[in-house]
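Notes to accompany the following structure.
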Amino acid sequence: WAKVCDYLTTEVQQNWMTVEQIYDIASKFGIDDVEEVHSMLKAFNDLGISVYFEHPGLSKHVVIHAQFLIECVKQIIFDPTLHREIRNDIVMNEELHPDLAKLERRFFKDGIATSELLNYLWMNTCRQKR
């Protein structure tokens, strides 16, 4: 497990990977049992090395670099009056994104985020690149 951990934390440039990709990496280090890979991923999660959830919809991906997840979440959970540097460019560029700006204002006012707004935030601020 230590060799897989070292590889994931030092060699992998992606912020997240599919579990299938992790299987391939583990196999290169002699770990071919799927259950052992899941146990390893749970242990890495418990140790704070990576983020892995065994829940439907979440169990197919592993966040390799936890800071990536933090950066994505803080695009949604913050106080825009206190954290102006975090603000997304939607409201600031209302001419470019008038519909999204309206959705963002609703989110700040009522706490309701539409899937369209969340998809925009994900695609534009939470890219795969490190």
Side-chain angles (χ1 to χ4, degrees):
W1 291 9
K3 289 181 181 181
V4 174
C5 179
D6 288 344
Y7 182 84
L8 291 175
T9 57
T10 61
E11 301 297 324
V12 172
Q13 294 300 306
Q14 295 168 267
N15 289 307
W16 57 268
M17 300 177 84
T18 66
V19 171
E20 296 295 327
Q21 290 172 305
I22 302 290
Y23 292 153
D24 292 341
I25 291 169
S27 179
K28 291 177 185 176
F29 293 99
I31 303 170
D32 295 316
D33 181 56
V34 171
E35 291 303 316
E36 184 175 359
V37 172
H38 284 277
S39 295
M40 177 184 69
L41 290 173
K42 287 189 273 186
F44 289 175
N45 182 77
D46 292 346
L47 294 169
I49 296 166
S50 59
V51 180
Y52 172 68
F53 300 105
E54 281 197 306
H55 299 286
L58 299 175
S59 63
K60 294 181 181 180
H61 296 89
V62 178
V63 176
I64 305 300
H65 304 286
Q67 187 63 36
F68 164 75
L69 191 58
I70 293 166
E71 294 297 320
C72 292
V73 170
K74 82 177 189 182
Q75 293 298 317
I76 299 166
I77 302 174
F78 70 96
D79 182 339
T81 59
L82 297 175
H83 305 105
R84 292 172 196 226
E85 73 281 0
I86 296 174
R87 290 213 51 178
N88 194 277
D89 67 343
I90 297 173
V91 169
M92 294 177 185
N93 293 312
E94 189 165 352
E95 293 174 10
L96 297 174
H97 309 290
D99 295 334
L100 288 172
K102 181 179 175 183
L103 294 174
E104 186 180 50
R105 282 193 300 277
R106 180 176 178 210
F107 172 61
F108 290 140
K109 181 178 178 254
D110 302 326
I112 299 171
T114 65
S115 60
E116 182 181 7
L117 178 62
L118 294 175
N119 285 334
Y120 176 85
L121 292 171
W122 177 258
M123 296 305 293
N124 289 285
T125 60
C126 301
R127 292 183 169 81
Q128 175 66 281
K129 300 172 189 168
R130 276 186 85 190

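Atoms considered below: every heavy atom in the structure, side chains included; atoms not considered: hydrogens, waters and symmetry mates.
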Ignoring hydrogens, what is the shortest heavy-atom contact between Trp1 and Ala43? Give both atom names and the distance. CZ3-CB, 3.7 Å

Residues forming a side chain to side chain donor-acceptor pair (under 3.5 Å) with [X], sequence neighbours excluded:
X	value
Glu116	none
Ser59	none
Asp46	none
Gln67	Glu71

State the [atom1]-[atom2] distance between [X] and [Y], to the nearest 0.5 angstrom.
X	Y	atom1	atom2	answer
Asn15	His61	CG	NE2	13.0 Å
Leu100	Asn119	CG	CG	10.0 Å
Thr114	Glu104	OG1	CD	10.5 Å

What about [X] and [Y], same hydrophobic cluster or not, with Ile/Leu/Val/Met/Phe/Trp/Tyr joined at side-chain heavy-atom distances under 4.5 Å?
X	Y	result
Phe68	Leu58	yes
Leu8	Ile70	no
Phe29	Val62	yes

Taking C-beta and beyond as the side chain, do Val4 and Phe44 meet within less than 4.5 Å on heavy atoms?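 With C-beta onward as the side chain, the pair touches.
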
Min side-chain heavy-atom separation Val12-Gln21 under 4.5 Å: no

Glu54: salt bridge (Lys or Arg N to Asp or Glu O under 4.0 Å) partners, not counting sequence neighbours: Lys42

Tell me, please, which residues at least two apart from Phe53 pass ring pair (Phe, Tyr, Trp, His ring centres under 6.0 Å). none

Any residue meeting ring pair (Phe, Tyr, Trp, His ring centres under 6.0 Å) with Phe107, in chain and number order, not counting sequence neighbours: none

Salt bridge (Lys or Arg N to Asp or Glu O under 4.0 Å): which pairs involve residues 10-25, sequence neighbours left out? none

Return each pair, listed once, that meets salt bridge (Lys or Arg N to Asp or Glu O under 4.0 Å) where at least one residue sits in residues 55-70; pairs must be two or more places apart or across chains.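 Sorted pair list comes back empty.
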
Mind telling me whether Tyr52 and His38 have parallel, tilted or perpendicular rings, with 30° and 60° as the class edges?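 Tilted.
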
If we check side-chain contact (heavy atoms from CB on, under 4.5 Å) with Ile64, which of these qualifies: Thr9, Val51, Ile22, Ile49?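 Result for side-chain contact (heavy atoms from CB on, under 4.5 Å) with Ile64: Ile22.
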
For the backbone of Tyr23 and the side chain of Ser27, can you confirm whether one donor and one acceptor N or O come within less than 3.5 Å of each other?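 A pair under 3.5 Å: no.
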
Test side-chain contact (heavy atoms from CB on, under 4.5 Å) applied to Asp6 - qualifying residues, sequence neighbours left out: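 Listed in chain order: nothing, the list is empty.
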
Ile112: what forms a side-chain contact (heavy atoms from CB on, under 4.5 Å) with it, not counting sequence neighbours? Arg106, Asp110

